Structures are given as C-alpha cells and as structure tokens.
Amino acid sequence: PNPSAATRIVALPHAGAGPTVFRQAAGLLPDDIELLAAELPGHGKRLSEPPHRRSGTLVAALLPGVVAAVADRDWVLFGHSMGAFLAHELCRALRRAGHSLPRRLIVSGRRPPNYPAPELDLHKLPDGDFVHELTRRYDGIPAAIWGGRDDPQTAQMDGWADLAAGPAKRRLFDGGHFYLTDRPERFARALAEETTNDKT
C-alpha cells in the first residue's frame, strides 16, 4: 500500500493467478505509483469462494471495488492474459455506468476479444491433452499492447488498436507468456513509463 501515491494502477492477473503475480513489480515502481491487484474469487485468500463462471458476473462484482479504489486518484488499468479481457470488459462497464474511465488501458498477453481463438478451446480437451496444450501455449503451468516475443498470443495483439478510442501503442518484451514475472525489473520500468508518460 502506498496511500500517498498520485497514481494508482489497478492490475488484473491471468487465469489461475492472484495478486502475488504482481508483487515483485509493485515493489520496483516509483514512490508516486501504487499498484492495486485484484484477488478474484476462487484464488489465493478467496480460494473458498466459488469462482465466477461468466465474465459478466465477474466484471459486475469487480466494478464497485474498482470505483471505490480509484475515486480520488489518477489511475491506469492493466490486465494480463485473461486479465486483459477482464480489463477491457471493465472499461466498457465503467462507461455504461457513467463512471470515470482510466487514463490508460494497458493489455498484455491476449488476443483482442473480437478475434476468434486460433486453436481449440482448452476446456474442451481431455485432461492429458489439456496439460500438454497448456504447457505448449502458455509456457507451462507457470514454470512456476504487451506481449512476450515468444508468446503465441502476441501475433494478434495489434488487433487491440481496432478497439481503442484513441491512439494505441505496442511494446514487445523478451520472453514468453509470463514475461512479466520472468523479468520483473523490465516490466516494472515499462509499466511506470506507460503510466506516467502522458500525464498532464
């Protein structure tokens, strides 16, 4: 927590992850930026809560907490992989409800929602095939527009520009789907740059 920070980043993690995925990067950000990460139901400290099965109900559940968290601050919204999709949907929900939008939406590691999935849906595969495909597609069950150069999702990242109301910019990082935890210093530096470079 950094209550005196001028800017807040609300961060939405990838599927299966919680706020700890952003812990290293959060500690490397400048003092005037605070990173708040969502703890989704069914994850981390909320493991006993049933996870949402539909993005609409999850976005509706996130909305009041996000609105309260950013009411008095300049803010940016960041989402990685599934979190990128949720961040986009959250922006749409904020706009529909008449709330202030983030100064910037940063999406990472996921094709835009208006692009069809290039391959079979993972959830339809038998267990053995599911694990194999998960490992191939997303660099494993973590061996452990932003994208890793070696991430198969990166090829379609440019499509996010079609959904932007203003100019869009692309950044590539060395690494695969989990580049942000593999290279936290580089990720934190880029996140700080993108959070502050258009501030007025």
Side-chain angles (χ1 to χ4, degrees), residues 2 5-15 17-19 21-22 25-26 29-30 32-40 52 54-115 145-148 151 153-173 177-181 184 186-200:
N2 183 3
T7 301
R8 282 191 171 141
I9 299 170
V10 174
L12 302 175
H14 58 275
V21 75
F22 300 114
L29 291 170
D32 61 340
I33 299 173
E34 177 183 34
L35 190 141
L36 303 177
E39 180 92 80
L40 304 178
H52 287 263
R54 299 275 183 249
S55 61
T57 62
L58 179 53
V59 169
L62 283 169
L63 191 66
V66 170
V67 168
V70 300
D72 61 344
R73 302 288 162 94
D74 173 56
W75 72 293
V76 168
L77 183 57
F78 172 82
H80 179 68
S81 197
M82 180 195 73
F85 172 76
L86 291 176
H88 175 260
E89 292 300 307
L90 183 58
C91 279
R92 294 177 69 205
L94 288 163
R95 186 179 60 221
R96 283 192 302 268
H99 295 294
S100 297
L101 296 174
R103 183 171 40 79
R104 175 164 280 176
L105 169 62
I106 302 173
V107 293
S108 167
R110 188 187 194 285
R111 70 185 188 291
N114 60 335
Y115 276 46
I145 315 193
W146 296 15
D151 182 354
Q153 298 280 328
T154 300
Q156 294 181 326
M157 290 290 296
D158 284 338
W160 283 101
D162 299 336
L163 302 177
K169 164 173 134 174
R170 180 178 181 178
R171 265 195 160 166
L172 288 177
F173 295 84
H177 191 65
F178 297 108
Y179 72 91
L180 63 165
T181 53
R186 177 72 180 104
F187 171 62
R189 187 168 56 251
L191 193 56
E193 288 169 9
E194 293 302 328
T195 299
T196 59
N197 70 2
D198 64 346
K199 238 172 137 176
T200 54

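Index from 1, following the sequence. This one's a predicted model, so the numbers in the text were calculated from it and none came from an experiment.
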Verdict with reasoning, M82 to L40, per side-chain contact (heavy atoms from CB on, under 4.5 Å):
CA-CA 12 Å; M82 180 195 73; L40 304 178; 3.8 Å; yes
[X] vs [Y] side-chain heavy atoms within contact, under 4.5 Å:
X	Y	answer
V66	W75	yes
R110	H88	no
P102	V70	no
L191	L35	yes
L12	L77	yes

Contacts of type salt bridge (Lys or Arg N to Asp or Glu O under 4.0 Å), residue D162, not counting sequence neighbours
none
Who pairs with R189 by salt bridge (Lys or Arg N to Asp or Glu O under 4.0 Å), at least two apart in sequence or on another chain?
none
Name of the residue among D74, T196, D32 meeting side chain to side chain donor-acceptor pair (under 3.5 Å) with T7:
D74
Once side-chain hydrogen bond (donor to acceptor under 3.5 Å, both in side chains) is applied, do any residues pair with H99, and if so which ones, sequence neighbours excluded?
none
Is there a donor-acceptor pair closer than 3.5 Å between any side-chain N or O of R186 and the backbone N or O of F173?
no
Count the heavy atoms belonging to other residues, nucleotides or ligands that lie under 6.0 Å from CZ of R54, then report whether that count exceeds 12.
no
Please step through side-chain contact (heavy atoms from CB on, under 4.5 Å) for the pair T195 and R104, ending with a clear verdict.
CA-CA 7 Å; T195 299; R104 175 164 280 176; over 6 Å; no
Determine, stepwise, if the pair I9 / I106 fulfils side-chain contact (heavy atoms from CB on, under 4.5 Å).
CA-CA 10 Å; I9 299 170; I106 302 173; over 6 Å; no
Test of ring centre spacing under 6.0 Å for H80 and F22:
no
